[in-house]
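Comments concern the structure below.
These values consider heavy atoms only, across backbone and side chains, with no hydrogens, waters or symmetry-generated copies. Here is how names work: the chains are called A, B, and so on, in the same order as the sequence lines, proteins then strands, and each is numbered from 1.
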There are 2 protein chains.
Amino acid sequence: MAHSEIRNMEEFAAISGISRPTVSKYFHDPSSVRKSTRMRIEAALEKYDYRPNIYAMNQNRKLTKNIGIVVPYLADPFFGEIVRMIEGRCIEAGFTPSLFSAHGDQAHENAILDSLRSMKPAGVLLAPLGRQSDKSAIETFCKHVPTVLFDSNIDGMGEAFVGSDNHSFVSQTVEYLSRTGEAPCFFEMRTPANPNANKRRIAYLSMMERLGLEPHVVKVDGTGWGFEEIGRRGGLKLLSEKSLPTNTVLCSNDRLAIGLLAACYESGVRVGRGADCALRVASHDDHPFSRFTCPSLTTAAHDYSAVSDNAVETLFRLIESGGRLESRTESLFPARLIMRDSA
Amino acid sequence: MAHSEIRNMEEFAAISGISRPTVSKYFHDPSSVRKSTRMRIEAALEKYDYRPNIYAMNQNRKLTKNIGIVVPYLADPFFGEIVRMIEGRCIEAGFTPSLFSAHGDQAHENAILDSLRSMKPAGVLLAPLGRQSDKSAIETFCKHVPTVLFDSNIDGMGEAFVGSDNHSFVSQTVEYLSRTGEAPCFFEMRTPANPNANKRRIAYLSMMERLGLEPHVVKVDGTGWGFEEIGRRGGLKLLSEKSLPTNTVLCSNDRLAIGLLAACYESGVRVGRGADCALRVASHDDHPFSRFTCPSLTTAAHDYSAVSDNAVETLFRLIESGGRLESRTESLFPARLIMRDSA
DNA sequence: TGATAAAATTTACGCGGGTAAAAATTTTAT
DNA sequence: ATAAAATTTTTACCCGCGTAAATTTTATCA
């Protein structure tokens, strides 16, 4: 245990009585050596805590065992949750995940892509900033590194996209809301950071049209990634002006809804589907906090694990096929309506 | 731009008309070479997008330019926020941060420490799981890698600890609450994951004693990192049993408070300091979401940036002094009371 | 202008391990 | 038991860069 005098693979091989090339083979794939030798190596491994120098290992390999995971904003627990699942899958498969957050900043995202390139990862799972992303930087990056986009799609970039089906989200919430009460207006940021927001608005409009209902899109001002505050300020303004077109509000995403609910509470507007309630609020994402809002938030939930699993599996397929896929696929997973108290 | 035929530093040096050792020096510190040569290198750098192989670079360096950042639970936006600040400081100082989350799991934390060791980082900023941590694993790790603990202290481990002064948090909230109304009971988990929780309870007890008030500690059941749900369940139970000893509740942390507020709302208990309110709730941390609860949460705020700055600076000092500090210091930063609507 | 300091170049070796080729060994099949 | 197949060992060279020492070039300044 404490004999950590082993400095390199040469010494370790000598001590375990195996040749260095065979030991090297073992570390790349333990099942590639005969069982008897494997056991001798593992016995030595228990006595001396040697581990190969990862830098020396990766130096020559054109393809490392690293996988890069990039998310736009880690202070959003939604991404925390996704990251947890993705990391788990990568580790199971014998890869080493490296996690990065752009923290909502384009320059930071570019810097991440830059340092990621020099890591020569086997592949990258990238949830881009979206509208704020430097498209050309991402395009260049994807040319050099096998990349699967997730959560937020950018047309044509990466070898595949895995995310949620925005139409499924919106159609379920709109259908539910309009069936059980007044049809909803759509509450969103004027300049949304994320392309999903646009898809959701479009889905809202088409869904309302199909149902023969008049659509109302309410846009609130604000930029950046502080969605809750943007939702809150927008909500306060709308409520004080009494300019909401309907008594039912469908928010583009849960974080806006959290802000809106705060505004309602502050303004003394009771939210829910009870007779004593003035407003219904629903939303999309099933953000980890949406069950703790007051009232708890009716929302359409991502299939977190399906998206994570599929993204990782797609990346593995991509890696196995040498970094290129026959065609760019887009996998979209449907939502599940979560009925809580807010609508 | 597109001449990426450069395979190594040798070739790049040839093309830029500079010798390889000088180019090598440049990459380690651009200001260490004469301005004229620096400009020649940078000119070549623009034409040919060469970047040194980081693995080859780090192979010989006993000390890399990497800094490990480990947090216990990344789905908690509190850590997302801290990480953002810490990463920024590291990058400014020319280091490359690597981010890891234990996702609330001991085995995962150990695995992170393990792979971190083989990365030979210049230093590590570690926010341990706390009670769930494998102490001996952390101790061994700290012996091999210059480590500064933050957020959650473990006695004697790491070369320094940087965090918040729990006594400052609790004394301010207790003082405020008892001055403006009924003295608070203390609401916490029966088996808290984090050592700060114990310190806060002790601070509560001593503060109440000093004020000559009778303390009440209310413990709720539940394990793991889903604090909100634990707070909510505990709250529902206490409210239905009407067994809260006071009309003022001081939660150990904001995430529990978020759950408690949800329970109050569900139970129809109005929270706040108005005449129509049955309960006051306050807490500690100034969690990013605490301003969006209903009502917004009165809390004691971490000095996020002071903690981050100090942790990073301490680590830099540690690195500069070769991995050992004269004595283990503990830097604690006071809280700032944030008065909102819940108490 | 010459002396001195500062910086760059040459030369050469090392790091820790990947990996190919040929020889030797072990295992498996016949 | 023997041939064929599968592993392992030997040997040897490579990767891309760090870095030390000695030498040459360039800059600085009296």
Side-chain angles (χ1 to χ4, degrees), chain A residues 4-45 48-66 94 96 115 117-122, chain B residues 4-45 48-66 94 96 115 117-122:
Chain A
S4 65
E5 329 102 8
I6 288 95
R7 308 213 142 279
N8 54 38
M9 195 179 280
E10 194 80 54
E11 287 184 26
F12 177 77
I15 274 176
S16 54
I18 308 284
S19 72
R20 186 173 69 77
T22 304
V23 171
S24 172
K25 260 190 90 178
Y26 167 85
F27 278 111
H28 280 291
D29 179 8
S31 72
S32 71
V33 303
R34 201 187 292 144
K35 186 147 97 182
S36 60
T37 63
R38 193 187 321 153
M39 284 169 67
R40 288 170 68 189
I41 292 177
E42 276 159 6
L45 225 37
Y48 311 86
D49 79 328
Y50 161 77
R51 75 197 86 211
N53 180 312
I54 54 168
Y55 299 109
M57 286 182 72
N58 287 330
Q59 169 172 357
N60 300 321
R61 278 208 150 311
K62 48 193 156 254
L63 195 85
T64 69
K65 273 288 192 178
N66 298 328
T96 306
S115 81
R117 272 187 62 183
S118 64
M119 286 180 60
K120 297 179 187 175
Chain B
S4 65
E5 331 99 9
I6 288 95
R7 309 215 143 277
N8 55 38
M9 196 180 279
E10 195 81 53
E11 287 184 26
F12 177 77
I15 275 178
S16 55
I18 309 283
S19 72
R20 186 175 69 77
T22 303
V23 171
S24 172
K25 261 190 89 179
Y26 167 85
F27 278 110
H28 281 290
D29 179 7
S31 72
S32 70
V33 303
R34 200 187 295 144
K35 186 146 97 182
S36 60
T37 63
R38 193 187 321 151
M39 284 171 67
R40 288 170 67 188
I41 292 177
E42 276 159 6
L45 224 38
Y48 310 86
D49 78 330
Y50 161 78
R51 75 197 82 212
N53 180 314
I54 54 167
Y55 299 108
M57 286 181 71
N58 287 330
Q59 169 171 359
N60 299 322
R61 275 206 152 317
K62 49 194 158 256
L63 195 84
T64 69
K65 273 288 193 177
N66 298 329
T96 307
S115 81
R117 272 186 63 182
S118 65
M119 284 180 60
K120 297 180 186 171

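- In terms of phosphate contacts, S19(A) brings no side-chain nitrogen or oxygen within less than 4.0 Å of OP1 or OP2 of dT8(D).
- When heavy atoms are screened at a 4.0 angstrom cut-off, P52(B) is found touching the sugar-phosphate backbone but no base atom.
- Residue S24(A) places its side chain closer to dT19(C) than to any other of dT19(C), dG16(D), dG18(D).
- Taking both residues in full, the closest heavy atoms of K25(B) and V33(B) are given as CB-CG1, 4.2 Å, listed atom of the first, atom of the second, then distance.
- Interface remark: the Q59(A) side chain does form a donor-acceptor pair with the dG16(D) base, using a distance-only criterion of under 3.5 Å.
- A donor-acceptor contact shorter than 3.5 Å links the side chain of Y55(A) to the backbone of M119(B).
- A straight line from CE of M9(A) to P of dT19(C) spans 11 Å, rounded to a whole angstrom.
- Remark: C1' of dG18(C) and CG of N53(B) are 13 Å apart, rounded to the nearest angstrom.
- The main-chain N or O of G17(A) is found under 3.5 Å from a side-chain atom of R40(A) such that the two form a donor-acceptor pair.
- In this structure, Y55(B) atom OH and dG18(C) atom P are separated by 14 Å, rounded to whole Å.
- To the nearest angstrom, C1' of dT8(D) lies 9 Å from NZ of K25(A).
- Between the base of dG16(C) and the side chain of R20(A) there is no donor-acceptor pair shorter than 3.5 Å.
- Per the geometry, CD1 belonging to I18(B) stands 18 Å off C1' belonging to dC17(D), to the nearest Å.
- In this structure, R7(B) atom CZ and dC14(D) atom P are separated by 16 Å, rounded to whole Å.
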For this session: Kindly indicate, with the supporting measurements, whether the criterion side chain to side chain contact (heavy atoms under 4.5 Å, CB included) is fulfilled by I54(A) and T96(A).
Result: CA-CA 11 Å; I54(A) 54 168; T96(A) 306; over 6 Å; no

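- Figure legend. dT8(D) is base-paired to dA23(C); pairs are counted as Watson-Crick or G-U wobble with both atom distances under 3.5 Å.
- The backbone N or O of K120(A) sits less than 3.5 Å from a side-chain atom of T64(A), completing a donor-acceptor pair.
- Base-pair partner of dA29(C): dT2(D) (Watson-Crick or G-U wobble, both distances under 3.5 Å).
- In this entry the distance linking CD of E10(A) with C1' of dT10(D) reads 11 Å, nearest Å.
- Of all the residues in residues 26-41 of chain B, H28(B), R34(B) reach under 4.0 Å from DNA chain D with at least one non-hydrogen atom.
- Residue contacts for Y50(A): at a heavy-atom cut-off of 4.0 Å it reaches the sugar-phosphate backbone alone, with no base atom in range.
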For this session: Assess whether side chain to side chain contact (heavy atoms under 4.5 Å, CB included) is satisfied between M9(A) and Y50(A), documenting all intermediate values.
Result: CA-CA 8 Å; M9(A) 195 179 280; Y50(A) 161 77; 3.3 Å; yes

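- Nucleotide dC15(C) holds its P atom 17 Å from the CD1 atom of I6(A), rounded to whole Å.
- Between the side chain of R38(B) and the backbone N or O of P30(B), at least one donor-acceptor pair lies under 3.5 Å.
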